[in-house]
Amino acid sequence: MKTKKGFRLRDVCGENVIVADGIENIDFSRIISMNESAAYLWRSVEGKGPFTVDTLVGLLLKEYDTDEATARADVEQLIGKWKEADIIEMDNGH
């Protein structure tokens, strides 16, 4: 997986949100709000090429006091949300 080009994490009124680059591209119905750990993961992989579930799990374990099972469950749920929001690309380009 990788983050889609054209989407950036921004701080909007104290909230971490993903928005499309460029003022002309802002569609307020498609702004994705992220909690602190999700924003940390996005910043860690944004524009850096492919990542996997294991990549994100490792990042969470390094940064937060949690166990691997909890981190993996959280990452899998987060990736589902990112797919639904269409802000990541899967390895096959979809």
Side-chain angles (χ1 to χ4, degrees):
M1 290 168 268
K2 64 181 179 178
T3 58
K4 278 194 172 180
K5 290 182 182 182
F7 290 94
R8 297 283 181 250
L9 182 66
R10 303 277 188 238
D11 181 315
V12 178
C13 299
E15 293 287 323
N16 291 305
V17 295
I18 296 288
V19 296
D21 277 343
I23 194 74
E24 68 280 357
N25 295 325
I26 293 180
D27 175 356
F28 288 100
S29 67
R30 291 203 59 213
I31 291 178
I32 298 97
S33 181
M34 292 194 187
N35 65 23
E36 196 59 41
S37 59
Y40 161 73
L41 292 175
W42 182 269
R43 282 187 204 98
S44 297
V45 298
E46 181 180 15
K48 294 185 172 96
F51 62 90
T52 64
V53 168
D54 289 338
T55 304
L56 299 182
V57 169
L59 288 165
L60 275 184
L61 291 173
K62 187 171 94 171
E63 186 71 14
Y64 294 94
D65 183 23
T66 188
D67 62 88
E68 185 171 349
T70 301
R72 186 166 300 279
D74 290 350
V75 163
E76 288 174 356
Q77 182 179 26
L78 179 64
I79 287 173
K81 290 179 181 180
W82 287 358
K83 286 180 190 175
E84 186 179 314
D86 199 27
I87 60 173
I88 59 173
E89 296 177 356
M90 303 312 291
D91 293 332
N92 61 5
H94 295 93

**Complete:** Separation between CD1 (I88) and CG (L78), nearest 0.5 Å, reads 8.0 Å

**Message:** Please determine whether side chain to side chain donor-acceptor pair (under 3.5 Å) holds for the pair T52 and D54, giving the CA-CA distance in whole Å, both sets of side-chain angles, and the decisive distance to 0.1 Å.
**Reply:** CA-CA 5 Å; T52 64; D54 289 338; 4.9 Å; no

**Complete:** Rounded to the nearest 0.5 Å, the CG atom of L59 sits from the CH2 atom of W42 at a distance of 14.0 Å

**Request:** Indicate yes or no: at least one non-hydrogen side-chain atom of L56 is less than 4.5 angstrom from one of L60.
**Result:** no

**Request:** Starting at CE of M1, measure out to NZ of K83 and round the result to the nearest 0.5 Å.
**Result:** 6.5 Å

**Item:** L41 side chain reached by W82 side chain, heavy atoms, under 4.5 Å
**Value:** yes

**Prompt:** CG/N16 to CZ/R10 distance, rounded to the nearest 0.5 angstrom?
**Reply:** 12.0 Å

**Asked** Which heavy atom of E15 sits nearest a heavy atom of S33, and at what distance?
**Response** OE1-OG, 3.5 Å

**Asked** Closest heavy-atom contact between K48 and R43?
**Response** NZ-O, 3.2 Å

**Asked** Is K2 reaching over with its side chain to a backbone N or O of V45, donor-acceptor style, under 3.5 angstrom?
**Response** no

**Request:** Nearest 0.5 Å please: distance from the CZ atom of F51 over to the OG1 atom of T3.
**Result:** 6.5 Å

**Request:** Report the distance from atom NZ of K81 to atom CD1 of I87, rounding to the nearest 0.5 Å.
**Result:** 11.5 Å

**Prompt:** Under a 4.5 Å cut-off applied to non-hydrogen side-chain atoms, are V17 and L9 in contact?
**Reply:** no

